[in-house]
Chemist: 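One structure coming up, written as structure tokens, with questions to follow.
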Amino acid sequence: MAKGKGKKGLRGRAGRMQGGRGSGRAAKGNVRLWGRHAVEAALKNPRREHIKLWATLEGIDSLDGELPPDFPLERAEVADLARLVAKDAPHQGLVLECAPLDDLHLSDVMDSDPSRPIVVLDQVTDPHNVGAILRSAAAFNAAAIVTQDRHAPPEGGVIGKSASGALETVPWVRVVNLARALEEMADAGYWRIGLAGEAEATLAEALPAGPVAIVLGAEGEGMRHNVGQHCDALAKLPISEEMESLNVSNAGAIALYAIATRG
């Protein structure tokens with residue numbers, strides 16, 4: 001890769017984190033990411049173990065940083081990259097294979113800063129939605145997202161592309177039992193608010209001054225009954241009656257904005 005004027009070195013791997021999610025499990029096998037923002041963020045993430053980068057000359061030049069001289073890089077043409085990713089995926093001349101991020105415990109991400117919410121996703125399985133929620137979580141300084149391991153997509157290129165780099169910066173905790181995780185959050189002082197269209201109170205009315213865990217259910221089905229029972233309050237967004245609901249990623253972005261700007 002030609003040296004760019006003023007470019008900083010891409011840090012690459014800086015050691016694997018210790019510990020695990022405890023109750024959850026990481027993705028099995030390597031992860032393939034594509035697109036400039038997703039790949040660049042992964043290359044700069046010291047928690048990532050990088051296996052190989054396939055790239056066009058234009059893709060390499062678009063990176064904000066220098067690859068180490070011994071980095072496993074293979075020059076490729078656009079047609080070559082198209083065979084490495086999902087059909088019609090916008091790879092932007094960059095495809096990176098890497099190891100999945102190490103597991104995290106829920107206790108690792110519970111933050112004493114009341115301005116930093118935790119986003120809990122109950123059976124949100126569309127990787128585009130999870131990626132968009134990660135991006136909003138990064139934008140509004142959320143402490144983490146939490147999902148149930150069996151009902152959430154694994155790390156991968158679609159999430160990475162939709163998250164636009166946030167997959168590398170927002171902690172993602174997977175747990176076996178979401179209700180038990182919500183109990184742990186309550187013990188740590190979080191007020192748990194579930195978004196539900198049938199709720200009486202609006203989100204603004206339900207928001208406390210302290211730490212918040214915002215719970216989002218799957219589109220259509222919403223939160224499961226048991227998960228809703230583990231919320232301290234249910235709240236709705238004050239949308240027009242002409243619209244039944246919002247896409248879960250849009251609802252998440254609005255909720256995170258409301259938390260960030262509460263009085």
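Just so you know, residue 1 is the first one in the sequence shown, and it goes up from there. Values below: all heavy atoms of this structure, side chains included; hydrogens, waters and symmetry mates excluded.
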Chemist: Minimum heavy-atom separation for Thr125 and Ala152, please, with both atom names.
Modeler: CG2-N, 4.5 Å
Chemist: Say you draw a straight line from CD of Glu77 to CZ of Arg75; how long is it, rounded to the nearest 0.5 Å?
Modeler: 10.5 Å
Chemist: Linking I/L/V/M/F/W/Y whenever any side-chain heavy atoms sit under 4.5 Å apart, do Met110 and Val146 land together?
Modeler: yes
Chemist: I would like to know whether Val130 and Thr147 meet side-chain contact (heavy atoms from CB on, under 4.5 Å); could you show each step before the answer?
Modeler: CA-CA 10 Å; Val130 175; Thr147 64; 5.5 Å; no
Chemist: Do Asp80 and Glu74 pass the side-chain contact (heavy atoms from CB on, under 4.5 Å) test, and can you show the C-alpha distance, the side-chain angles, and the key distance before you say yes or no?
Modeler: CA-CA 11 Å; Asp80 301 322; Glu74 182 175 320; over 6 Å; no
Chemist: Does Ile259 share a hydrophobic cluster with Tyr257, counting links as ILVMFWY side-chain heavy atoms below 4.5 Å and allowing steps through other members?
Modeler: yes
Chemist: Can you tell me how far apart CG (Asn250) and CG (Leu237) are? Round to the nearest 0.5 Å.
Modeler: 10.0 Å
Chemist: Run the side-chain contact (heavy atoms from CB on, under 4.5 Å) test on Val78 and His91 for me, step by step, so that the C-alpha distance in whole Å, both residues' side-chain angles and the decisive distance to 0.1 Å come before the verdict.
Modeler: CA-CA 9 Å; Val78 171; His91 54 70; 4.0 Å; yes
Chemist: Spell out, yes or no, whether Ile60 and Val85 are grouped together once hydrophobic residues are joined by side-chain heavy atoms under 4.5 Å, including indirect joins.
Modeler: no
Chemist: Could you tell me if the side chain of Ile159 sits less than 4.5 Å from the side chain of Pro153, heavy atoms only?
Modeler: yes
Chemist: Out of curiosity, does Leu57 fall in the hydrophobic cluster containing Leu53 (side-chain heavy atoms, cut-off under 4.5 Å, transitive links)?
Modeler: no
Chemist: What's the separation between atom CG in Asn177 and atom CZ in Arg150, rounded to the nearest 0.5 Å?
Modeler: 9.0 Å
Chemist: Do Tyr190 and Asp111 pass the side-chain contact (heavy atoms from CB on, under 4.5 Å) test, and can you show the C-alpha distance, the side-chain angles, and the key distance before you say yes or no?
Modeler: CA-CA 10 Å; Tyr190 283 82; Asp111 198 314; 4.0 Å; yes
Chemist: So how far is it from Ser162 OG to His37 NE2, rounded to the nearest 0.5 Å?
Modeler: 12.5 Å
Chemist: Rounded to the nearest 0.5 Å, what's the gap from NE2 on His230 to CG on Asp122? Could you check?
Modeler: 12.0 Å
Chemist: For Val119 versus Ala142, what's the shortest heavy-atom pair and its separation?
Modeler: CG2-CB, 4.4 Å
Chemist: Do Leu84 and Arg32 have side-chain heavy atoms sitting under 4.5 Å apart?
Modeler: yes
Chemist: Phe71 vs His50 aromatic rings, parallel, tilted or perpendicular, using cut-offs 30° and 60°?
Modeler: tilted
Chemist: Is there a donor-acceptor pair closer than 3.5 Å between any side-chain N or O of Ser136 and the backbone N or O of Ile133?
Modeler: no
Chemist: Among Glu97, Glu155, Glu40, find the residue that satisfies the salt bridge (Lys or Arg N to Asp or Glu O under 4.0 Å) test when tested with Arg48.
Modeler: Glu155
Chemist: With a cut-off of 6.0 Å (strictly less than), are more than 12 heavy atoms of other residues, nucleotides or ligands near CD of Glu183?
Modeler: yes
Chemist: Tell me, do Leu134 and Ile145 make a side-chain contact under 4.5 Å, heavy atoms counted?
Modeler: yes
Chemist: Quick one: CG on Asp103 to CG on Leu101, what's the gap to the nearest 0.5 Å?
Modeler: 9.5 Å
Chemist: What is the minimum heavy-atom distance between Ser249 and Asn129, and which atoms define it?
Modeler: OG-OD1, 3.6 Å
Chemist: For a 4.5 angstrom cut-off between non-hydrogen side-chain atoms, does Trp54 reach Arg83?
Modeler: no
Chemist: Would you say that Val158 contacts His128 through its side chain, given a criterion of any heavy-atom pair below 4.5 Å between the two side chains?
Modeler: yes
Chemist: What's the shortest heavy-atom distance between Ala253 and Phe140, and which atoms?
Modeler: O-CE1, 3.9 Å
Chemist: Please tell me whether Ile254 and Leu216 are part of a single hydrophobic cluster in this structure, the criterion being side-chain heavy atoms less than 4.5 Å apart.
Modeler: yes
Chemist: Looking only at heavy atoms, what is the nearest atom pair of Leu33 and Ala42, with distance?
Modeler: CD1-CB, 3.7 Å
Chemist: Just so I know, are the side chains of Leu94 and Gln92 near enough to count as touching, which here means a heavy-atom distance under 4.5 Å?
Modeler: no
Chemist: Has the side chain of Lys44 got a donor or acceptor atom that lies under 3.5 Å from a matching backbone atom of Asp64?
Modeler: yes
Chemist: Is there side-chain contact between Trp34 and Leu81, with at least one heavy-atom pair below 4.5 Å?
Modeler: no
Chemist: Determine whether a donor-acceptor pair (N or O, by modelled atom type, separation under 3.5 Å) exists between the side chain of Arg192 and the backbone of Leu182.
Modeler: yes
Chemist: State, with a plain yes or no, whether a side-chain heavy atom of Val215 is found less than 4.5 Å away from one of Leu178.
Modeler: no
Chemist: Looking only at atom types and distance, does a side-chain atom of Arg174 sit under 3.5 Å from a main-chain N or O of Gln148, one as donor and one as acceptor?
Modeler: no
Chemist: Of all the heavy-atom pairs spanning Leu73 and Ala55, show the shortest one and how long it is.
Modeler: CD1-CB, 4.1 Å
